[in-house]
There are 2 protein chains.
Amino acid sequence: MEDQKKRILLVEDDPNFGTVLKDYLMMNDYEVTHAKNGMEGFEKFKKDDFDLCILDVMMPYKDGFTLAKEIREKNTDVPIIFLTAKTMKEDVLRGYKVGADDYLNKPFDSEVLLMKIKAIIQRKATETISDSKQFEFKIGSFDLNSKLRFLRFNGGEPVKLSPKENELLRLLALHENDLMPRELALTKIWRDDNYFTSRSMDVYIAKLRKYLKLDDKVEILNIHGEGFRLVINT
Amino acid sequence: MEDQKKRILLVEDDPNFGTVLKDYLMMNDYEVTHAKNGMEGFEKFKKDDFDLCILDVMMPYKDGFTLAKEIREKNTDVPIIFLTAKTMKEDVLRGYKVGADDYLNKPFDSEVLLMKIKAIIQRKATETISDSKQFEFKIGSFDLNSKLRFLRFNGGEPVKLSPKENELLRLLALHENDLMPRELALTKIWRDDNYFTSRSMDVYIAKLRKYLKLDDKVEILNIHGEGFRLVINT
DNA sequence: TCTCCTTTTAACCTTACATTAACAAAAATG
DNA sequence: CATTTTTGTTAATGTAAGGTTAAAAGGAGA
């Protein structure tokens with residue numbers, strides 16, 4: 001882990017600033033891929049795995065937020081830091097909405113950036129212990145393939161799951177027989193915790209229950225005010 | 001939702017600013033304890049559990065960093081946000097060194113602070129994997145699972161407990177065969193000690209007695225004017 | 001544009017919970 | 001022993017959370 005250089009995707013349209021920043025990061029032992037605009041950024045993102053994305057907000061053609069949204073669709077976990085030109089409140093708030101981990105106002109101090117990078121990467125490292133790599137689950141007589149998004153009963157015809165159905169069921173499966181806190185699903189899947197996302201989640205719970213009805217040993221229980229519990233009765 | 005308001009410790013020596021900030025946070029559904037200086041801040045921190053600390057850096061007697069260090073010694077997890085008067089790089093870096101989760105330069109936008117608070121608290125929520133606090137108790141022939149909120153008699157069908165039933169029984173179990181002071185339950189569970197909460201607690205004691213009747217070796221005794229005692233007769 | 005699929009929002013209903021009231025019983029007080 | 005205080009218990013009430021279905025809104029691709 002330590003001996004592997006961390007990979008950073010830097011998307012910054014100002015060629016001077018971008019190059020300087022890239023060099024600075026490389027001097028500090030990061031492996032940096034520099035994209036000059038949003039399109040290129042997304043292309044490079046799809047081709048490689050990164051530990052962190054640093055996105056300029058103000059870019060022609062495709063701004064940082066749009067790019068962030070696209071990135072989030074592919075990967076819900078990768079940390080994102082925004083570079084905003086000024087202290088623009090709207091920018092900051094919008095950034096958090098698309099799941100920013102932090103933002104920095106230009107001009108910023110490079111050491112501060114370094115600290116932030118370190119803090120964020122380390123945080124993700126502790127967070128992502130077992131979670132992120134598990135994609136196949138046995139749930140009673142069901143098989144869930146969370147990568148291909150299908151659920152199969154008794155080895156029969158697989159049912160396709162929508163992205164949200166899939167993520168939610170996966171999260172429940174990761175906590176099999178244990179509490180899966182409401183808050184966890186809302187922050188991880190919906191990235192927001194309010195009345196409506198909460199109701200939306202309840203709708204999805206109902207959908208999952210419908211799928212799982214085929215096996216009466218499998219059920220999703222509610223723990224009032226806390227969350228849900230996927231139990232497999234033996 | 002009343003009992004799961006997030007609790008914030010705000011340490012800020014400027015009385016005007018502190019009060020305004022406190023009110024603002026309270027308006028946004030946080031429970032705020034306001035300490036006027038570092039000493040008081042530490043005292044209050046020791047007395048209660050907080051979900052987040054917001055510390056002013058510049059304070060007489062005991063500055064925010066020193067306070068943060070003391071807090072970290074007691075609790076390695078609680079998120080800390082610093083308020084720094086100016087963009088002082090040294091401050092920011094020093095802040096990260098003592099384990100800050102974020103910092104804000106005064107003056108700051110209150111909505112941004114709110115977003116940061118939300119983001120940080122949510123992050124901590126997701127990190128909580130399986131804190132090995134004590135959640136399982138053996139009470140005579142009962143098993144109490146305080147995380148999943150159920151009580152099982154003799155390995156049979158578990159009975160669901162309401163949050164208050166659960167907390168109260170857990171507190172009694174933690175003091176098994178010993179006095180569990182009224183006041184303790186009222187301050188810990190009800191967070192308020194008055195005639196009505198006290199009566200409410202008595203109602204819950206009655207409910208618990210009903211559950212526990214199944215095992216005649218288990219009983220909840222009253223110690224008049226003092227509290228209750230969960231005894232397990234052998 | 002018009003589909004199809006997904007997600008959100010709305011509506012309505014049920015269940016779960018906590019509080020409060022009311023009255024009875026026990027314990028303390030003096 | 002009369003009176004006050006505390007506790008035991010049950011029931012009624014009000015509110016919040018969750019279950020479910022359907023309609024509306026959004027989004028991607030034809």
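Note that the coordinates shown come from a computational prediction; the quantities given were computed from them, not determined experimentally. Numbers restart at 1 for each chain; the letters A, B, ... are given by sequence-line order, proteins then strands. Worth knowing before you read on, the calculation uses all heavy atoms, side chains too, and leaves out hydrogens, waters and symmetry mates.
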request  = Could you work out which one of C:dT9, D:dG8, C:dT7 sits closest to the side chain of A:P163?
outcome  =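 Given the options C:dT9, D:dG8, C:dT7, the side chain of A:P163 is closest to C:dT7.
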- Choosing from D:dT20, D:dT10, C:dA18, which nucleotide comes nearest the side chain of B:A206?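 For B:A206, the side-chain atoms sit closest to D:dT10.
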Does [X] put a side-chain nitrogen or oxygen below 4.0 Å from OP1 or OP2 of [N]?
X	N	value
A:S162	C:dT7	yes
B:K210	D:dT10	yes
B:R209	D:dT10	no
B:W190	C:dA18	no

Whole-Å distance separating the [atom1] atom of [X] from the [atom2] atom of [N]:
X	N	atom1	atom2	answer
B:K213	D:dT9	NZ	P	8 Å
A:K164	D:dG26	NZ	C1'	12 Å
A:N194	C:dT8	CG	P	10 Å
A:L208	D:dG19	CG	C1'	14 Å
A:D192	C:dT8	CG	C1'	13 Å
A:L161	C:dT6	CG	C1'	13 Å
A:F228	D:dA17	CZ	P	12 Å
B:K207	C:dT20	NZ	P	13 Å

Problem - Flag side-chain contact, heavy atom, 4.5 Å: B:L144 against B:N166 - result: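 Yes; the side chains approach each other to less than 4.5 Å.
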What I'd like to find out is whether the side chain of B:T197 reaches to under 4.5 Å of the side chain of B:I189, using heavy atoms alone.
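Of all side-chain heavy-atom pairs linking B:I189 with B:T197, none is under 4.5 Å.
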salt_bridge(B:K147, A:D178) N-O dist < 4.0 Å
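Yes, B:K147 and A:D178 are salt-bridged.
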| message | Do the side chains of B:D143 and B:K138 get close enough for a salt bridge, i.e. N-O under 4.0 angstrom? | response |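 Between B:K138 and B:D143 there is a salt bridge, with a charged N closer than 4.0 Å to a carboxylate O.
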Taking any heavy-atom pair under 4.0 Å as a contact, classify B:D202: base, sugar-phosphate, or nothing.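 Base contact.
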**Study point:** Within 6.0 angstrom of A:K69 NZ, more than 12 heavy atoms from elsewhere
**Key:**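 Incorrect, the count does not exceed 12.
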Assign the ring pair B:F142 / B:F153 to parallel, tilted or perpendicular, where the plane angle (0 to 90°) is split at 30° and 60°.
->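 B:F142 vs B:F153 ring planes: tilted.
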5′-ward residue of the pair B:E165/A:S200 relative to DNA chain C:
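So the residue in question is A:S200.
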* Would you say the side-chain atoms of A:D51 pair up with the backbone N or O of A:I8, donor to acceptor, closer than 3.5 Å? ->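 Checking the backbone N and O of A:I8 against the side chain of A:D51, no donor-acceptor pair under 3.5 Å is found.
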With B for base contact, S for sugar-phosphate-only contact and - for none (protein heavy atoms under 4.0 Å), nucleotides 22-30 of chain C reads B----SS--
